Amino acid sequence: MALGIALAAQAASELTAARAELHLRSALATRDTICQAKGVLIQRCDVDTARAFVMLRTLSQDLNVAVARIAERIVEDHTASL
């Protein structure tokens, strides 16, 4: 019985670590996309970094869409226009 509990605890620990790693990778990818979108806005709208993020956040709130998704669309549109 003790072995079963120990194995279950180990499996739970590994699952938690795997989820944390997945979350971290996702957060890093999202951060990169948001930074790229801010760069596009800085270039196109002649604004600073803080204003570019405010623009992203405002669009996100107005459209009720996640900032990351807004950023993805901006980057996709910019890439398509090259």
Side-chain angles (χ1 to χ4, degrees):
M1 174 119 164
L3 178 60
I5 292 171
L7 290 174
Q10 178 65 30
S13 176
E14 290 178 15
L15 182 58
T16 299
R19 285 183 181 159
E21 181 181 349
L22 180 61
H23 178 72
L24 179 60
R25 288 182 188 276
S26 175
L28 289 173
T30 297
R31 181 175 180 248
D32 287 346
T33 303
I34 291 171
C35 286
Q36 289 173 358
K38 287 184 349 185
V40 170
L41 293 174
I42 289 166
Q43 179 188 27
R44 287 186 180 175
C45 303
D46 192 30
V47 296
D48 64 13
T49 302
R51 179 68 184 134
F53 185 76
V54 168
M55 293 169 73
L56 286 172
R57 187 183 67 214
T58 301
L59 275 171
S60 171
Q61 291 170 346
D62 290 351
L63 299 174
N64 196 28
V65 175
V67 170
R69 183 63 189 128
I70 297 290
E72 287 172 4
R73 289 293 306 274
I74 289 171
V75 171
E76 288 169 4
D77 290 347
H78 176 70
T79 302
S81 71
L82 296 179

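Residue numbers run from 1 in the order of the sequence given. Please read all numbers here as calculations on a predicted model, not as lab measurements.
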Contact summary for [X] and [Y], nearest pair of heavy atoms:
X: Met55; Y: Val47; value: SD-CG2, 4.1 Å
X: Val75; Y: Ala37; value: CG2-N, 3.6 Å
X: Ala52; Y: Lys38; value: CB-O, 3.8 Å
X: Leu63; Y: Ile70; value: CD1-CD1, 3.9 Å

Using 0.5 Å steps for rounding, measure from the [atom1] atom of [X] to the [atom2] atom of [Y].
X: Ile74; Y: Leu56; atom1: CD1; atom2: CG; result: 5.0 Å
X: Ile42; Y: Arg51; atom1: CD1; atom2: CZ; result: 12.0 Å
X: Phe53; Y: Ile34; atom1: CZ; atom2: CD1; result: 6.0 Å
X: Thr33; Y: Glu76; atom1: OG1; atom2: CD; result: 9.0 Å

Between [X] and [Y], is any pair of side-chain heavy atoms under 4.5 Å apart?
X: Asp77; Y: Val40; value: no
X: Arg57; Y: Val54; value: yes
X: His78; Y: Gln36; value: no

Query raised in the report: Has Arg44 got more than 12 heavy atoms of other residues, nucleotides or ligands less than 6.0 Å from its CZ?
Result: yes
Requested in this report: State whether the number of non-hydrogen atoms from other residues, nucleotides or ligands found under 6.0 Å of Asp46 atom CG is greater than 12.
Outcome: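 Open: at most 12 neighbouring heavy atoms sit under 6.0 Å from CG of Asp46.
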